[in-house]
Structure formats: structure tokens, C-alpha cells
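Take a look at the structure set out below.
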Amino acid sequence: TQSTRPQRLLSAVQKNATRGDPRSVVQAIDQFCRHKEWAMNVGDEKGCILDSVVSEINPATVLELGTYCGYSTVRIASLLPPHAKLITLEFNPNYASIARQVIAWAGLEDKVQLVEGASGDWIPKMKEQFGVKTFDLVFLDHWKDRYLPDTKLIEECGLLTKGSVLLADNVICPGTPDYLEYIRSSPQYESQYFKSHLEYTKVEDGLEKSVFLG
Ligand SMILES: CCNc1ncnc2c1ncn2[C@@H]1O[C@H](/C=C/CNC(=O)c2cc(-c3ccc(F)cc3)cc(O)c2O)[C@@H](O)[C@H]1O
Ligand SMILES: [Mg+2]
């Protein structure tokens with residue numbers, strides 16, 4: 001049977017990256033996506049912005065919405081302090097399976113909890129199921145029309161505290177107009193746009209960083 005693109009991406013990691021070396025996993029995926037087959041990872045250019053935001057926050061708890069193949073999961077988890085936890089939600093079982101293997105190849109299983117399921121179902125269960133009080137960082141990279149409803153759900157579930165950061169991918173391309181309008185006009189957030197490019201292309205895209213003011 002024909003392999004899928006995520007399966008070919010995983011094969012590229014297993015072929016070209018060193019087990020236990022997250023940077024080599026990130027590099028193998030970027031090489032594959034730049035020279036073989038494009039895939040919707042946050043990529044190397046926006047990935048550097050992601051890295052700088054993570055390093056600045058030094059988060060103890062991170063929520064990622066939309067694991068896909070685990071590229072940004074590996075980038076974030078590789079920068080976390082000991083005992084920090086990253087919970088990543090992925091509702092496509094095929095993508096979840098690939099992501100688990102990518103995360104394992106990077107040797108980051110201990111820092112990552114991949115939860116197979118929909119954000120709308122799992123966000124309300126974060127406290128009871130995972131003992132999470134609040135998230136220091138939320139990385140939004142799932143369906144673009146779900147950024148706003150899920151942000152409101154995260155607020156309603158009391159999962160943000162003063163200083164919590166929302167970092168959203170693709171606010172220009174494909175675009176998340178309702179989310180941008182809401183977050184930039186809300187007095188509860190201080191937002192900043194990091195201009196960049198759509199992964200592996202020259203098309204404009206960027207990340208929106210929003211600090212919850214409590
Ligand atoms: C139902 C909402 N809840 C969800 N809960 C858990 N996982 C979810 C959810 N939604 C989607 N997912 C998963 O997140 C991933 C979806 C990501 C959607 N991303 C994009 O569409 C995207 C698309 C592009 C893009 C840009 C330009 C193009 F020409 C073509 C594509 C670039 C990106 O960086 C993107 O992130 C998948 O793995 C999907 O199974
Ligand atoms: Mg994206």
C-alpha cells in the first residue's frame with residue numbers, strides 16, 4: 001500500500017537523525033520538507049521565533065493544540081527545564097502515531113504527554129485528568145477556525161493566569177482573522193505580531209504572541 005506523507009517524514013527522521021538528538025530530528029524534518037515534500041510544520045524560520053518565546057518564558061506547563069507529526073512538539077520539549085510538562089492534543093490517530101515515534105526518536109517521551117482526542121473535549125478535562133492548574137504557554141497550530149473557540153474555552157476553564165502566553169501560528173497564512181480581531185481588541189491580552197514566512201516558502205506568515213493580563 002502507498003505510504004502517506006507523514007510516514008515518509010518519519011522515515012526521513014529515522015534515516016537521517018540521531019536517536020536522542022532533538023536538533024537532528026528537527027533538521028531532518030526541515031531538510032525533508034524543504035527538499036523533498038512540503039509539510040505543514042511550523043518550520044525553521046518561525047521555529048526560531050517559537051524557540052525564543054519558549055526560552056524567554058521557560059514554561060513549567062505547555063499546551064499544544066494540533067501535534068501533526070510532532071515537529072513543534074520536539075522543538076518546544078527540547079527547550080523545557082527538567083520536570084516541565086508539554087501536553088499536546090492530536091485527534092487524528094494516524095498523525096498521533098507518527099508523532100509518538102518522532103517524539104520517541106528525539107528521546108523526549110518523558111517531557112511530552114500526547115493526548116489523542118479533540119481539543120474541545122480535552123481542554124475541560126485538563127485539571128482533573130492531568131493535574132494542570134494553569135498553562136504558562138499555549139501553542140495554537142490546529143484548525144485555524146478553532147483558535148478562537150478554543151481560546152475562549154481555555155479562558156472559561158480557568159487555565160490561564162497572569163503572564164500566561166498564547167502563541168498562534170499562521171495568523172496571516174492560512175490566516176485566523178476572527179482570532180486576531182478578538183485577541184488584539186481584548187483588554188485582557190497584550191499582543192505582538194512576529195512577521196515571518198510560511199514554512200519553507202517566501203510567502204508572508206507570522207506568529208501572534210499574546211500575554212494574558214489576568
Ligand atoms: C477540531 C479542533 N480540535 C482539534 N483537536 C486536536 N487536533 C486537531 C484539532 N483540529 C485539528 N487538529 C490536528 O491538528 C493538525 C491540523 C493543523 C492545521 N494546520 C493547517 O491547516 C496549516 C496549513 C498551512 C498551509 C498554508 C498554506 C497552504 F497553501 C497550505 C497549508 C500551514 C500551516 O502551518 C498550518 O498549520 C492536524 O494534525 C489535525 O489532525
Ligand atoms: Mg501551522
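Just follow the structure's listing: the first ligand is 1, and inside any ligand the first atom is 1.
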Nearest neighbour in protein (non-hydrogen) for atom 4 (C) of ligand 1: Ser119 OG, 3.6 Å
Before accepting this row, confirm whether a basic side-chain N of the pair Lys152/Asp178 lies closer than 4.0 Å to the acidic partner's carboxylate O. no
Considering only non-hydrogen protein atoms, determine which one is nearest to atom 26 (C) of ligand 1 and report residue, atom name and distance to 0.1 Å. Leu198 CD1, 3.5 Å
Is it true that the side chains of Arg184 and Ser191 contain a donor and an acceptor less than 3.5 Å apart? no
among protein heavy atoms, the one nearest atom 17 (C) of ligand 1 is Asp141 O, 3.4 Å
Could you tell me which atoms of ligand 1, counted from 1 in the order shown, lie closer than 4.0 angstrom to a heavy atom of Asn92? 40 (O)
In Asp169, which N, O or S atom comes closest to the Mg ion (ligand 2)? OD2
Strictly by modelled atom types, are Tyr71 and Asp30 linked by a side-chain donor-acceptor pair under 3.5 Å? yes
Nearest neighbour in protein (non-hydrogen) for atom 7 (N) of ligand 1: Phe91 N, 3.3 Å
Side-chain heavy atoms of Val13 within contact of Phe32, under 4.5 Å: no
To the nearest 0.5 angstrom, please state how far the OG1 atom of Thr134 sits from the CG atom of Leu160. 8.0 Å
Taking only heavy atoms of Glu199 into account, list the atoms of ligand 1 that are under 4.0 Å away from them. 32 (C), 33 (C), 34 (O)
Which N, O or S atom name in Asp141 marks its closest approach to the Mg ion (ligand 2)? OD1
Mind checking whether Asp150 has an N or O less than 3.5 Å away from an N or O of ligand 1? no
Numbering the atoms of ligand 1 from 1, which are under 4.0 Å from a heavy atom of Ala118? 5 (N)
Any side-chain heavy atom of Glu64 sitting closer than 4.5 Å to one from Ser72? yes
Only heavy atoms of Tyr68, strictly under 4.0 Å: list the atoms of ligand 1 that pass. 38 (O)
Would you call Glu116-Arg100 a salt bridge at under 4.0 Å N-O? yes
With heavy atoms of Asn170 as the reference, note each atom of ligand 1 found under 4.0 Å away. 32 (C), 33 (C), 34 (O), 35 (C), 36 (O)
Quick one: CG on Leu137 to CG on Leu86, what's the gap to the nearest 0.5 Å? 8.0 Å
Heavy atom of protein closer than 4.0 angstrom to atom 29 (F) of ligand 1: no
Using a strict 4.0 Å cut-off to heavy atoms of Gly66, name the atoms of ligand 1 that fall inside it. 14 (O)
Return the closest protein heavy atom for atom 23 (C) of ligand 1 as residue, atom name and distance. Pro174 CG, 3.6 Å
Lys133, NZ atom: more than 12 neighbouring heavy atoms under 6.0 Å: no
If you measure from OH on Tyr200 to CE on Met40, what distance do you get to the nearest 0.5 Å? 12.0 Å
Run the numbers for me: atoms of ligand 1, each under 4.0 Å from some heavy atom of Asp169, listed by number. 34 (O)
Is the shortest distance from a heavy atom of Gly120 to ligand 1 less than 4.0 Å? no
Less than 4.5 Å apart, side chain to side chain, heavy atoms only: is that true for Tyr68 and Pro6? yes
Should Cys33 and Leu9 count as side-chain neighbours, where that means a heavy-atom distance under 4.5 Å? yes
Side chain, backbone, both or neither: which part of Arg146 has a heavy atom under 4.0 Å from ligand 1? side chain
Strictly under 2.8 Å, is any N, O or S atom of Asn170 next to the Mg ion (ligand 2)? yes
With the side chain counted from C-beta on, respond yes when Thr176 and Lys144 share a heavy-atom pair under 4.5 Å apart, and no when they do not. yes
For atom 31 (C) of ligand 1, what's the nearest protein heavy-atom neighbour? Residue, atom name and distance, please. Trp38 CH2, 3.6 Å
In terms of residue, atom name and distance, what is the protein heavy atom nearest to atom 40 (O) of ligand 1? Glu90 OE2, 2.5 Å
Quick check: do Gln113 and Gln129 have side-chain heavy atoms less than 4.5 Å from each other? no
In this structure, does ligand 1 have an atom that sits under 4.0 Å from one of the heavy atoms of Tyr200? no
Would you please indicate if the ring centroids of His142 and Tyr147 are separated by under 6.0 Å? yes
Going by heavy-atom distance to atom 10 (N) of ligand 1, choose the closest among Trp143, Tyr71, Tyr95, Trp122. Trp143
Of all the atoms in ligand 1, which lie at a distance below 4.0 Å from a heavy atom belonging to Gly117? 5 (N), 6 (C)
Under 4.0 Å, heavy atoms only, figure out whether ligand 1 is touched by the backbone of Val42, its side chain, both or neither. neither
